[in-house]
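All of these numbers come straight from a predicted model, not from anything done at the bench.
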Number of protein chains: 2
Amino acid sequence: MEKTQALAALSALSQDTRLDAFRLLVKAGGEGMTAGAICEALGVRPNTLSANLSILLNAGLVSNRREGRSIRYFADMDRMNGLLGFLLEDCCGGNPEVCRPVLDTIARAC
Amino acid sequence: MEKTQALAALSALSQDTRLDAFRLLVKAGGEGMTAGAICEALGVRPNTLSANLSILLNAGLVSNRREGRSIRYFADMDRMNGLLGFLLEDCCGGNPEVCRPVLDTIARAC
DNA sequence: TCCATGTTTCCAGAGTTCATGAAACATTGG
DNA sequence: CCAATGTTTCATGAACTCTGGAAACATGGA
């Protein structure tokens, strides 16, 4: 991943509503959620959510698909993957024990 | 990790100079780097860097220690650990294959 | 065709963030 | 002590971000 993409992803995630929405979609997994369902879950107005989803979309962190009148959103785990790889690139200064716990945490989450 | 901390960390990382500085410190590992060395490596003015380091410090992503006239900074991998755990909490909607590549990427980085 | 529903776009104003120059502070050596 | 070095603090203006109301757009059903 390039720095520009990483910055876009990080700055997209560094806002309350967008972080909530993204994590909701991560939890939803392959099923995703419609914009309306996200609105309701988070208690955000449609126009505000729409603006925020489009920022996540632009950052490549989510994708979407029209489904009748609704639009369904999905977390893009590939992009997440790329972001984490970028952040931890060449980490630990050749001392793998330092960041072993990071691996364990993530293994536990999945 | 709580959402407030995660937001602070993400917003700290979502800025060019700070992302560079943090990644530099991740690469430096346990040795860390002095503020001056970071300045030189990134080509940033001391006051600008100082402001940005203090934001990383506040977010808990780096720590520091005075060393004579210099101040040495270190990436805090524990906080990074917490952040990744928070982002991937309950991920994949019960479908572990989806985020397996994320784990592989990180394992390769370390 | 017309209306209801779900979502996005546009606009404007309040608030936040950023880099910069100048000044202050802390530590070391003469 | 005093000067030099390394770093931080402060104040400022320009640029950016966020939210909310109003309006537009897309789809499906009567």
Does a side-chain N or O from [X] land closer than 4.0 Å to OP1 or OP2 of [N], or not?
X: B:T48; N: C:dT20; result: yes
X: A:S70; N: C:dT7; result: yes
X: B:R18; N: C:dC18; result: yes
X: B:Y73; N: D:dG6; result: no

Exercise. Counting heavy atoms not belonging to B:E67, are there more than 12 under 6.0 Å from its CD?
Worked result: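 Yes, the 6.0 Å shell around CD holds more than 12 heavy atoms from other groups.
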Figure out the [atom1]/[atom2] separation between [X] and [N], and round it to whole Å.
X: B:N58; N: D:dT9; atom1: CG; atom2: P; value: 10 Å
X: A:D16; N: C:dG15; atom1: CG; atom2: P; value: 18 Å
X: A:N52; N: D:dG20; atom1: CG; atom2: C1'; value: 12 Å
X: B:M33; N: D:dG6; atom1: CE; atom2: C1'; value: 15 Å
X: A:R72; N: C:dT5; atom1: CZ; atom2: P; value: 20 Å
X: B:R66; N: C:dT27; atom1: CZ; atom2: P; value: 5 Å
X: B:E67; N: C:dA26; atom1: CD; atom2: P; value: 19 Å
X: A:N64; N: C:dG6; atom1: CG; atom2: C1'; value: 14 Å

For this session: Give, for atom CG of A:L24 and atom OG1 of A:T17, the distance between the pair rounded to the nearest 0.5 Å.
Result: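 Nearest 0.5 Å value for the CG-OG1 distance: 12.0 Å.
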Exercise. Between B:R23 and A:F86, is NZ or CZ placed under 6.0 angstrom from the six-membered ring centre and within 45° of the ring axis?
Worked result: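 Checked: cation-pi criterion met.
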For this session: Compare all side-chain heavy atoms of A:Y73 with those of A:T34 and state whether any distance is below 4.5 angstrom.
Result: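 No - every pair of side-chain heavy atoms lies 4.5 Å or more apart.
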I want to verify a distance call: between [options], whose nearest atom is closest to the [X] side chain?
X: B:R69; options: D:dT8, C:dT8, D:dG6; result: D:dG6
X: B:S50; options: D:dT19, D:dT8, D:dG20; result: D:dT8
X: B:Q15; options: D:dT9, C:dT9, C:dA19; result: C:dA19

Exercise. Do B:L7 and A:L10 share a hydrophobic cluster, counting only Ile, Leu, Val, Met, Phe, Trp and Tyr and linking them when any side-chain heavy atoms are less than 4.5 Å apart?
Worked result: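 Hydrophobic grouping puts B:L7 with A:L10.
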Exercise. Which comes earlier along DNA chain D counting from the 5' end, the contact point of A:G68 or that of B:G36, where each point is its nearest nucleotide?
Worked result: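 Result of the comparison: B:G36.
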Problem set entry | Nearest-nucleotide 5' precedence on DNA chain D, B:A37 against A:S11 |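 Of the two residues, B:A37 wins.
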Exercise. When we call it a touch if two heavy atoms are under 4.0 Å apart, what does A:S54 touch: a base, just sugar-phosphate, or nothing?
Worked result: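 If one applies the 4.0 Å heavy-atom cut-off, A:S54 turns out to touch nothing in the nucleic acid.
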Problem set entry | Any N/O donor-acceptor pair, B:R45 side-chain to C:dT20 base, under 3.5 Å |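 No, the side chain and the base share no sub-3.5 Å donor-acceptor pair.
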